[in-house]
Amino acid sequence: MTTSRPADDLRKDDKRDEPKGNGGPAGAIANWVDERTGAAKGARFLMKKVFPDHWSFMLGEIAMYSLIILLLTGTFLTFWFVPSMGETVYNGSYVPLKGVQMSEAFKSTVNISMDVRGGLLIRQIHHWAALLFLVSIMLHMARVFFTGAFRKPREINWIIGLLLFMLAMVEGFAGYSLPDDLLSGTGIRAAEGFMLSIPVIGSYVASLVFGGGFPGEAIIPRLFTVHVLLLPAIIVGLFTAHIILVMVHKHTQYPGPGRTNKNVVGFPLMPVYTAKAGGFFFIVFGVTALISGLVTINPIWMYGPYEPTMVTAGSQPDWYMGFADGALRLLPGRLEFTLLEHTFVFNVFIGAILLIPLMWTAMGIYPFLEKWVTGDNEEHHLLDRPRNAPTRTGIGMAFFVFYFVLFFAAGNDLMAIKLHLSINDITWAFRILTFLGPVMAFWITKRLCLSLQRRDRDLVLHGRETGRIIRTAEGRFFEAHEPLNRYQRWPLVSFASHAPVSLPAGIDRNGVRRRKAAADKMRVRLSHFFFNDRIEPVTPAELEAAHHHDEPVREEIDHTVEEARRLEGDDFGGKLHGGAEELSSSSAYGHPDQR
Amino acid sequence: MTIDQPRNDKDGAVSSHDGHSEVATRDGAPAQFENPGLPPHVHRAGDHDEKAAKRSERQVAALFTMSMLGTVLFIVSYFAISADDVVTLPLIGPMKALHAALGTTLAMSLLGIGLGAVHWAKTLMSDEEVVEERHTLRSPDEARDGALKILEEGAESAQLKRRPLVKYTLGASMGLFALPLGLQLVGSLGPLRRSKVVGDLQTTLWDSKLPNGKPRRLMRDPDNTPIRLSDVTLGSVFHVLPEGIDEAAHPQNEKVKASVILVSLEESVIKSAREKAWGIGGVVAYSKICTHVGCPVGLYEQQTHHLLCPCHQSTFDMTDDCKVVFGPAGHPLPQLKISVDTEGYIVADQGFKEPVGPSFWERS
């Protein structure tokens with residue numbers, strides 16, 4: 001080995017990869033890592049990332065944190081849970097079940113609840129977090145829908161979200177079926193009935209899932225694999241894609257002064273959102289732990305092990321499966337019929353098998369439908385206030401009402417008992433509401449939105465009603481209005497109002513492209529359905545005209561206030577210079593035009 | 001934020017404090033309002049007042065300390081509280097002391113960190129909003145063309161176009177390779193022979209006689225004792241399983257199908273001739289498995305002679321072949337023909353004449 005080479009001279013000024021000195025041991029580690037991964041570039045990018053602030057953006061966060069809590073507590077539970085339907089006899093510490101024959105799965109769940117120290121807490125955190133997971137997913141999706149956050153470029157994330165929602169439901173069902181208790185066993189029993197209802201292949205599907213007849217001995221171990229491996233892997237994968245897309249798209253923001261379609265206004269990940277979002281994880285976990293420590297959920301030791309011949313009154317699934325259960329209760333038995341020597345079990349098939357894919361397809365299609373109707377190909381990063389998209393908001397509410405009619409129908413027996421009503425009447429009421437409710441919800445919501453838009457217009461044009469009444473010298477009464485400043489005004493005037501499209505000229509002239517013409521006609525019809533009733537935002541000219549209109553009144557008020565000031569030295573807080581309306585006998589809230 | 005006061009100008013309808021006017025004149029009014037930009041920043045108390053900031057610091061530290069306290073209490077509770085101790089909490093009632101203590105202390109430990117961090121962020125960290133620019137997601141044309149070119153060149157170099165045989169066989173094999181795995185899974189998860197699958201759904205233990213050739217007696221569930229006709233007093237209800245069910249290959253599977261409800265009605269209320277004939281003087285037996293999705297039809301209303309399924313509220317009329325009078329079930333509960341053997345016990349002469357439980361494609 002030579003100690004001096006010619007090249008050494010050239011290198012003598014090179015820097016050695018030693019720590020830079022400042023930063024201490026942490027800096028040294030960071031340096032070590034970065035020289036091997038180049039992580040600083042990504043870290044800089046991430047830490048600078050800006051997130052806008054709004055309470056409704058936390059709903060998705062809750063879902064994310066619930067998922068983490070579920071993964072954590074679920075892993076704990078696998079250390080004690082025995083996914084087996086092998087028959088055994090209970091001999092643990094819970095006296096009422098001593099000597100009872102049960103499956104290994106049930107016995108181990110009772111052991112987790114009774115004999116593992118803190119096991120019940122982990123089990124309950126797991127169950128509560130699952131309920132919270134589904135609630136937050138649903139509310140998050142409602143936020144995304146009603147604010148139009150699903151629009152370009154976020155359609156893919158909307159679809160991923162839908163898939164996550166559906167998988168989370170299945171995951172939840174698989175999870176609460178694992179203990180093999182009486183309630184969940186009844187649920188699996190019903191699930192077998194659902195599978196049997198599938199035309200042509202139903203019997204075979206059930207045979208495959210259960211490894212033969214119900215209950216067999218395969219279903220719990222199979223559900224266990226699905227619940228702890230298959231679905232979590234898919235959910236975590238989709239969730240990761242979901243979050244990466246949020247990073248790529250940058251978060252949407254609500255309209256406001258300084259916020260545009262071209263920027264994000266908010267706080268950087270470092271330090272504000274690290275603290276806020278990180279802290280929020282602990283808050284979600286803490287609240288879940290508190291609820292789980294104080295409120296019992298799914299006390300399987302009280303239900304007892306599954307017995308195919310037994311059932312309890314008031315059997316219901318976890319809340320997120322309620323709507324499908326409700327649909328099953330509403331579908332009349334005459335939908336089961338025999339045709340060509342085969343039995344069509346549509347009274348079950350529609351509610352248990354078709355409903356969820358149909359609803360999810362409708363939700364998945366919506367962004368594309370709206371895009372087709374509006375013909376809007378722009379990227380949208382500013383959210384809509386729900387009132388500014390009345391038809392969309394109406395459709396969303398109709399969907400919600402449909403969902404909740406079915407959801408509450410799953411409690412028809414409990415309602416009948418608590419309210420002392422006939423279950424038949426309640427069921428019929430729900431049947432009617434299933435169709436009537438969404439229509440009413442659509443109409444009412446749309447009208448409310450339009451009214452709110454008109455109110456916004458009024459607010460912009462004539463200012464806020466101060467509740468301050470002024471009497472002029474000749475005895476006329478006015479209510480002083482306080483105008484909005486430009487920051488307050490901006491969110492109310494900055495929305496886009498789509499006009500309905502009309503038939504493109506020349507389509508019918510050729511008479512050749514019939515199909516395209518039909519599609520165009522459809523689009524025009526839908527466009528009218530969406531945008532015929534609409535309120536335009538106030539334009540500067542309109543505002544000016546309104547002020548011009550209010551001018552004489554304002555002068556009169558100013559004059560009165562001047563007088564008052566002169567006479568009594570009252571300065572009225574200096575807030576009386578806006579527009580005003582005369583309180584005439586006809587209407588105190590009337591438009592000044594009617595004066 | 002303070003409210004800007006518009007001046008009472010004659011021409012400019014609205015103008016704000018800083019003299020910036022959006023609506024200059026009536027004639028030159030623009031079509032849309034202009035985004036006024038971020039409103040002036042409003043400072044918090046702690047930004048200038050060191051005392052307020054100090055107070056926030058103490059609050060944050062107190063919350064973090066609360067977390068530590070919670071952690072310590074959790075550990076103490078874990079070791080100190082007996083598993084048998086019961087504590088009665090207001091509004092909640094009696095519950096296991098260990099569970100309640102672990103839950104609340106864990107919550108304390110977690111909430112202390114969470115609330116402390118959020119309070120820290122809201123009171124001490126900068127609340128000056130930052131603006132980040134967005135860029136269109138679409139790649140520049142150059143990048144797109146480049147990607148396309150690489151693809152084309154790759155396809156060219158692989159001779160994808162020139163050698164269609166490779167292309168088509170690759171496509172076909174890729175389309176088919178999942179079949180073996182799929183076949184293994186689907187083929188082996190459960191039996192698929194029609195005679196097994198459908199046969200299993202169509203038969204119950206009642207169809208077969210006991211090994212000694214005698215018909216199966218109706219046994220009380222869960223006592224597993226036979227029922228004398230004389231035990232079945234008017235209005236009584238028995239939950240029934242077939243004799244010898246514990247000797248079956250899969251007792252649970254058999255229970256699901258063979259479960260029966262035995263009820264004694266006044267013969268005069270029975271409307272159906274077949275129902276009378278298949279019973280014994282008003283004592284009738286029906287499948288207890290709901291024809292909707294298979295829950296046990298557990299609720300018998302003595303007044304109306306209705307059987308109600310607690311799962312989805314299908315209601316069956318016991319006096320009329322157990323026809324569906326309300327709810328989602330699609331067909332009546334099958335009746336089990338019963339008689340009395342030489343020793344006076346109720347037995348089933350034959351199995352059900354139709355499949356029990358939920359409907360399926362091959363049912364009819």
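Throughout, a chain's letter reflects where its sequence line sits, starting with A, and its residues are numbered from 1.
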So do [Y] and [X] actually touch side chain to side chain, heavy atoms under 4.5 Å?
X	Y	result
F282(A)	L111(B)	no
V265(A)	V130(B)	no
F267(A)	M125(B)	no
V264(A)	V131(B)	no
T309(A)	P296(B)	no
E132(B)	N263(A)	no
C311(B)	T186(A)	yes
T427(A)	F326(B)	yes

Of the backbone (N, CA, C, O) and the side chain (C-beta and beyond), which part of [X] lies under 4.5 Å from a heavy atom of chain A, both, or neither?
X	value
I92(B)	side chain
D221(B)	side chain
H119(B)	neither
L137(B)	both
L201(B)	side chain
A329(B)	backbone
L89(B)	side chain
Q313(B)	side chain
S67(B)	neither
V297(B)	neither
K196(B)	neither
T136(B)	both

Y78(B) six-ring centre to R117(A) NZ/CZ under 6.0 Å and within 45° of normal: yes
Quick check on [X] against chain B: is it the side chain, the backbone, both or neither that has a heavy atom closer than 4.5 Å?
X	value
V284(A)	neither
T338(A)	side chain
K48(A)	backbone
N412(A)	side chain
P332(A)	backbone
M195(A)	neither
I125(A)	side chain
V50(A)	both
F214(A)	both
V209(A)	neither

Would you please say whether a donor-acceptor pair under 3.5 Å links the side chains of [X] and [Y]?
X	Y	result
E362(B)	S203(A)	yes
H99(B)	Q124(A)	yes
N347(A)	H292(B)	no

Considering only heavy atoms and a distance below 4.5 Å, find which of [options] pairs most often with chain B.
options	result
Y306(A), F285(A), F210(A)	F285(A)
L120(A), N261(A), V287(A)	L120(A)
G326(A), G119(A), P215(A)	P215(A)
T296(A), V295(A), V538(A), T260(A)	V538(A)
H249(A), M85(A), E87(A)	H249(A)

Verify, without hydrogens or angle tests, whether [X] (side chain) and [Y] (backbone) share a donor-acceptor contact under 3.5 angstrom.
X	Y	answer
K250(A)	R134(B)	no
K122(B)	K276(A)	no
R189(A)	C295(B)	no

Can you measure from [atom1] ([X]) to [atom2] ([Y]) and round to the nearest 0.5 angstrom?
X	Y	atom1	atom2	answer
M108(B)	L290(A)	CE	CG	11.5 Å
N424(A)	T315(B)	CG	OG1	6.0 Å
S494(A)	F33(B)	OG	CZ	10.5 Å
S207(A)	L189(B)	OG	CG	9.5 Å

Pairing of E307(A) and K255(B) as salt bridge, 4.0 angstrom limit: yes
salt_bridge(R259(A), E129(B)) N-O dist < 4.0 Å: yes
Least distance between heavy atoms, L196(A) atom then P358(B) atom: CD1-CG, 4.0 Å
Evaluation steps, salt bridge (Lys or Arg N to Asp or Glu O under 4.0 Å), between R138(B) and E379(A): CA-CA 10 Å; R138(B) 187 186 191 279; E379(A) 282 186 15; over 6 Å; no
Aromatic plane relationship, W361(B) with F344(A) - under 30° parallel, 30 to 60° tilted, over 60° perpendicular: perpendicular
Contact winner vs chain A - K96(B), R363(B), Q252(B), M95(B), heavy-atom pairs under 4.5 Å: Q252(B)
